[in-house]
Structure formats: C-alpha cells, structure tokens
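Just below is one structure, and these are the notes that go with it.
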Amino acid sequence: MPSDSVQSLLSSTVSNFQITPDVQAISRISDHIRILKSARDLERDQMLDILRSLSRRLELAKTAATVPSSPTRRSHTEKILELDREKFSLAKTINELESAYHASEGTLTRLNEELERVKNEDVMAEASSAQQDPTISFRLLLKIYRSLGISLEDDGMGGYAKAIVRSHQNNDIHVLSLDKAYSNFFIANYLWDMM
C-alpha cells in the first residue's frame, strides 16, 4: 500500500472523528470536579474550625464547673463592676467639666474683647455728647443692656413690649413683658435674677 494513500486514510479518519467537542466536555468536567473538590475542602475546614471552637468551649465549661465558686471570686467580679461604673461616672463628669470649661473660655474671650473695646472708647466724649443728645444716651443704655444679654423688642409705637434675657451661664432664654402694671423696681430685679 503506497504511503500517500495511508496518510490520506489517516487524515480522513482523524477529520471524521471530530474529537474537539469531546475534549471540551472533558475539560468542563475536570473544571467542575476541581471546583467541587475545593468547595468540599473549604466546607471541611470550616467544620473543623467549628469543632475546635466547640471543643475549647467544652473544656472551659468543664473547668468552670469543677472549680468551686469562692466568695473572693464573687467579690472580685463585683469590685470590677463597681470600678467600671465609677469609670463611666468619672468620664461623664469630665465631659461635663470640659463643656463648662469651653463655655467659660468663650465667655472670657467675649468679655476680654468687650473690655478692650470699652478701653478704646472715649467715655467722657460719649457722656458729654449724650447730655446734649438724648438719643445717644438711649443708645448707650441699649448697648449696656445688650452687653448684659438683654434685648428689647420694639412695640411699634416708639416703646418696648418685651425684654428677652439670655443667660449664658445656664443657656436659658427668658421673656418679660414690659407691661405698665409692673414697677421699674420689679422689672430691674427680675432682669438681674434672670441674668
């Protein structure tokens, strides 16, 4: 048999078998087997971790069950709880003191700025001009009231209907109606008390 006919016979036989789909199927099956094996290995490792954890907990429970509960152990636990409560109480107090400190610091800064401004003002010149012009003395009074934390609300008829008092120490706001029924003495005492 001539060698050319053998080669053509082999070539036609190989081309007729079409093994590519079979190779791809085998490759897919191998991939699935590999993925399944890694998933099973992972699950086995997780189960072993859970088993080790449960074994440790069992040993600890056995140890705790065999050691008698002594009064010193109970008092130690109670002391730890008491110290924890004290620690949290101290932390709360420290926070409150820091807040008060920052508020006082802000008030001090504001008062120092006001003091510098007052030092730089010519009080005698303002006082002499206030005697000549009553609106200037009225503005000076309003400035003093505002520096004390008191705002006056205009009633629309040239007078004042309400006094709003801001207490920086307590962070409160109080409103006083400036009614003719109240005496100047009562209003002055009320404003001082609210400040």
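Since this is a predicted model, take the numbers as computed values, not measurements. Only heavy atoms go into these numbers, but all of them, side chains included; no hydrogens, no water, no symmetry mates.
- From Arg44, atom CZ reaches atom CG of Asp49 across 11.0 Å, with rounding to the nearest 0.5 Å.
- Judged as a side chain to side chain contact (heavy atoms under 4.5 Å, CB included), and not counting sequence neighbours, the contacts of Arg34 are Asp31.
- Distance OG1/Thr107 to CG/Asn112: 11.0 Å, rounded to 0.5 Å.
- Taken from CG in Leu81 to NZ in Lys79, the straight-line distance is 11.5 Å, to the nearest 0.5 Å.
- Residue Thr93 holds its OG1 atom at 5.5 Å from CD of Glu96, rounded to the nearest 0.5 Å.
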Exercise for review: Check the pair Arg117 / Glu114 against side-chain contact (heavy atoms from CB on, under 4.5 Å), numbers first and verdict last.
Suggested key: CA-CA 5 Å; Arg117 193 173 55 75; Glu114 185 72 21; 2.2 Å; yes

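- Atom CG of residue Leu108 and atom OG of residue Ser104 lie 8.5 Å apart, to the nearest 0.5 angstrom.
- Annotation: the span from Glu43 atom CD to Arg40 atom CZ amounts to 9.0 Å, rounded to 0.5 Å.
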Exercise for review: Please step through side-chain contact (heavy atoms from CB on, under 4.5 Å) for the pair Lys37 and Asp41, ending with a clear verdict.
Suggested key: CA-CA 6 Å; Lys37 183 181 181 310; Asp41 289 346; 3.2 Å; yes

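- Within a 6.0 Å radius of CD in Glu86, no more than 12 heavy atoms belonging to other residues, nucleotides or ligands are found.
- The two atoms that bring Ser8 and Ser5 nearest to each other are OG-O, 2.9 Å, heavy atoms only.
- Met47 is not listed as a side-chain neighbour of Leu51, based on a closest heavy-atom distance of 4.5 Å or more.
- The side-chain heavy atoms of Arg85 and Glu82, taken from C-beta on, include a pair separated by under 4.5 Å.
- Leu83 has its side chain out of reach of Lys87: every pair of non-hydrogen atoms, C-beta onward, lies at least 4.5 Å apart.
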Point to revise | Glu59 vs Arg56, salt bridge (Lys or Arg N to Asp or Glu O under 4.0 Å): CA-CA, chis, key distance, verdict | key: CA-CA 5 Å; Glu59 289 302 318; Arg56 279 194 299 269; over 6 Å; no

